[in-house]
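A short write-up of the structure that comes next.
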Protein chains: 2
Amino acid sequence: MDKPLESLIVDSILDAIADQRLPAGTKLGEQALSEVFGCNRAHVRRALSMLTGWQVVDHLPNRGAYVATPTPRDARDVFQARRAIETTICRNAVREATDADLDDLRAHLASEDAARGHDNRPALIRLSRGFHILLARIGRNPVLARYLDELTMRSSLIIGLYASGHATLCAEDEHAGIVAAIAARDEGAALALLDAHLRHIEAGIRFDDAPPAVGALSAALRVPR
Amino acid sequence: MDKPLESLIVDSILDAIADQRLPAGTKLGEQALSEVFGCNRAHVRRALSMLTGWQVVDHLPNRGAYVATPTPRDARDVFQARRAIETTICRNAVREATDADLDDLRAHLASEDAARGHDNRPALIRLSRGFHILLARIGRNPVLARYLDELTMRSSLIIGLYASGHATLCAEDEHAGIVAAIAARDEGAALALLDAHLRHIEAGIRFDDAPPAVGALSAALRVPR
DNA sequence: CTAACATTGATTGTTAACAATCAATAATCA
DNA sequence: TGATTATTGATTGTTAACAATCAATGTTAG
């Protein structure tokens, strides 16, 4: 058992960032968090210092912790890193995917379709990220999977900042093409489709509209007690 | 000014790991560290939780923090991740390197030669890692550079564990070839040489000899007060 | 009316004392 | 003798109180 107190706080905040419920720039006050999670301030403090390691929380001395606000520069670097890492992940997935993995992928596509059908945007955001996470799990390299976790989280912040209004956010069904290529063990096609997909996402961000919309904290964090 | 107290502890431990002064499995006791750094135990505690984010310190509840001991599986994944990331870094370096950068690279090669000439193994370990870090800086993608930082540190632990005795550790002058290719703006050659270099390092590790040699703490950490 | 300044409230940083847990030693019993 | 069980010392975990810092409000002079 790994004392799930700090981990709970960390995971809750990471989830909230990934789901775009916690926008960039939100202040993460120690007292506020300790009330939300019903715990000591020291725990919050430890959780926040762990979160700085995920590059999604900035810590300003004597001023507190804030959800990171990636710059356009950061956005470019993050997406380049994603292409570098997801290329290898995808190559692994083409090689390693079992029949059960392919079933998981197809089930995931079905969930995405359902969410799209119901115009369920929050679910679509979560599933859209989940597809890449699933791919990383199938690739069976936890080191790369961990980095992708982090990069998709930063992507959520970037998209929330610079592409909030765009409907083109949720990548049509480019995911389906990638799954088909993996099922066919066609590495070249899979890599090409994935690269195009990532570039498509990146092309959807607009740096002219940068609304530093800071959201409320307690509304975004649901304490899963 | 960013309160360099926790950062100092973190950096000192990271440096010690990178230089192979802190071997895998070493216990990082809170009291011991607070005495070494002459600070409060709470600071040590925060530093340790930051270090877990670097994947080089494992935290066992109620048992303390230990320098991570990568498994052979981890080793394979880490080196695959390095190839994925350094490939892109190298491509960037070929494109972005200025004349000043090339001078830095050549100066670095000279330092390596000097260290090799004096049989200065600690310096050679440090410089060997420094070459890849320098390449990452020239590539001008801080996101990738940060990941490479982490991966080279884990590589140090792996090499210390599984290739401690081998002299083949310090990559001859494969570095020189990479620098030449970058100077010639020959992307293909640079990528091929780098990939071969990384595979060569990985090939040098032997999983049969796994001595969990746990070292002393205070000897490895020098407090830079 | 504007700008500089002082006060105040809230938030973060620091420290020390106490409680809980674990590992190793010592003791007991078969 | 060998294994099991207490005991003990050390280490980690938790909490609360106090100090330092900052941002915002309100005040005063120019």
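Note on naming: letters A, B, ... go to the chains in the order of the sequence lines (proteins, then strands), and numbering restarts at 1 for each one.
In this entry the distance linking CG of B:L60 with P of D:dT12 reads 11 Å, nearest Å. Going from atom CG of B:N62 over to atom P of C:dT21 covers 7 Å, rounded to whole Å. If you measure from atom CZ of A:R46 to atom P of C:dG13, you get 16 Å, rounded to the nearest angstrom. Rounded to whole angstrom, the span from the CG atom of B:L33 across to the C1' atom of D:dT12 amounts to 13 Å. The distance from atom CD1 of A:I9 to atom P of D:dT14 is 11 Å, rounded to the nearest whole Å.
Distances shown here put a side-chain N or O of B:R63 below 4.0 Å from the OP1 or OP2 atom of C:dA23. Contact between the side-chain N/O atoms of A:H59 and the OP1/OP2 oxygens of C:dT11 is not found at any separation under 4.0 Å. Put simply, A:N40 has a side-chain N or O that comes within less than 4.0 Å of OP1 or OP2 on D:dT15. In this structure, A:K27 does not reach the C:dA10 phosphate: none of its side-chain N or O atoms is under 4.0 Å from OP1 or OP2. In this model, the phosphate group of C:dT12 is not approached by any side-chain N or O of A:R41 to a distance below 4.0 Å at OP1 or OP2. Contact annotation: A:R45 does not reach the phosphate of C:dT12 (side-chain N/O to OP1 or OP2, under 4.0 Å).
Proximity note for B:Q31 (side chain, C-beta onward) versus D:dT14, D:dT11, C:dT11: the nearest is D:dT11. The side chain of B:E30 lies closest to D:dT12, out of D:dT15, D:dT12, C:dG13.
Checking B:H108 against B:H175 by side-chain atom types alone, no donor-acceptor pair falls below 3.5 Å.
The existence of a salt bridge linking B:D19 and B:R121 is excluded, since no basic side-chain nitrogen approaches an acidic carboxylate oxygen closer than 4.0 Å. A salt bridge is absent between A:E202 and A:R76; no separation between the charged side-chain nitrogens and carboxylate oxygens falls under 4.0 Å.
The list of salt bridge (Lys or Arg N to Asp or Glu O under 4.0 Å) pairs with a residue in residues 143-158 of chain A, not counting sequence neighbours, reads A:R146-A:E150.
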